[in-house]
Amino acid sequence: MPDLRDLFLKDKIFAYPTEGVWGIGCNPFSELAVKKLIQLKNRDENKGIIVLAGNLAQIKALTEHLDSDIRIKMEDKWPGPHTWLIPSASNTPKWLLGNTGLLALRVSDHKTVQNLTSELKMPICSTSANISGNAPAKDEEEIRKFFGDKVHIIEGQLGGLSKPTPVQILETEEWIRK
């Protein structure tokens, strides 16, 4: 079996189970990898990409600019199936941000995600495993149908949600996806 960290650092795309649907992702700090992910999904470049972590330490550099009250509010939903859109720090890679300039973050309690990010020693990008406009993949067979051999599949089971995680703007509490 190939070394996951080596594949990750070589800008490969991964598919993995999350709380509700299969996700695909890559190294969020590699512009090349994120562009490959966007092209593979036929995704609009103006949409942001979720940064998915297995623990708070993995996203510290992306959140330490926030004041403590906002961080407490954010961390109240984590770890768990909740994605926050937060004001981005000056050091946030621009290729992760949509046209809003907000950064999408989630700290997952899903065991496969936690194990994957622990092995990689960093967070990953995450977006639903589908071609934009199609329903997300529910199993490995559908992932292969969408992407063939262009993604490395991480085995595991989906969590208990029946749809992608909710997305909310941290500062205003406006719901983007419930």
Mind running side chain to side chain contact (heavy atoms under 4.5 Å, CB included) on L96 and C125 for me, showing each step along the way?
-> CA-CA 8 Å; L96 296 174; C125 283; 3.8 Å; yes
Residue pair T112 / Q157, side-chain heavy-atom distance below 4.5 Å | no
Could you tell me whether K94 atom NZ has more than 12 heavy atoms of other residues or ligands within 6.0 Å of it?
-> yes
Without placing hydrogens or testing angles, list every side-chain donor-acceptor pair under 3.5 Å for residues 28-38, not counting sequence neighbours.
residue	atom	partner	partner atom	Å
S30	OG	D11	OD1	2.6
S30	OG	A33	N	3.1
E31	OE2	K35	NZ	3.4
K36	NZ	D11	O	2.9

With sequence neighbours excluded, what pairs up with E155 under the salt bridge (Lys or Arg N to Asp or Glu O under 4.0 Å) test?
-> none
Which pair of non-hydrogen atoms, one from I131 and one from F146, has the smallest distance, and what is that distance?
-> CG1-CD2, 3.9 Å
Least distance between heavy atoms, P81 atom then P166 atom | O-CD, 3.1 Å
What heavy-atom pair brings L170 and K73 nearest, and what distance separates the two atoms?
-> O-NZ, 2.6 Å
Between K10 and D6, is there a salt bridge with N-O shorter than 4.0 Å?
-> yes
Verify side chain to side chain contact (heavy atoms under 4.5 Å, CB included) between I153 and R144, making sure each step is shown before the conclusion.
-> CA-CA 9 Å; I153 297 176; R144 287 186 190 90; 3.9 Å; yes
For the side chain of H82 and the backbone of V107, is there at least one donor-acceptor N/O pair under 3.5 Å apart?
-> no
Checking side chain to side chain contact (heavy atoms under 4.5 Å, CB included) for the pair L158/K138: CA distance, chi angles, key distance, verdict?
-> CA-CA 8 Å; L158 290 174; K138 286 289 190 180; 4.2 Å; yes
Take atom CD in E75; do more than 12 heavy atoms of anything else shown fall under 6.0 Å from it?
-> yes
Do Q114 and N55 come close enough that some side-chain heavy atom pair is under 4.5 Å?
-> no
Would you check if W84 and K77 make a side-chain contact, meaning some heavy-atom pair closer than 4.5 Å?
-> yes
Any side-chain heavy-atom pair of L85 and Q168 under 4.5 Å | no
Smallest heavy-atom separation, C26 atom then I13 atom, equals CB-CD1, 3.8 Å
Residues passing the side-chain contact (heavy atoms from CB on, under 4.5 Å) test with S118, sequence neighbours excluded, are none
Any side-chain heavy atom of D109 sitting closer than 4.5 Å to one from E19?
-> yes
Under 6.0 Å between the ring centres of W22 and H110?
-> no
Nearest heavy-atom neighbours spanning R43 and S132 | CA-OG, 3.3 Å
Is the shortest distance from a Lys or Arg side-chain nitrogen in E64 or R71 to a carboxylate oxygen in the other one below 4.0 Å?
-> no
Which atoms form the tightest heavy-atom contact between V113 and A53, and what is the distance?
-> CG1-O, 4.2 Å
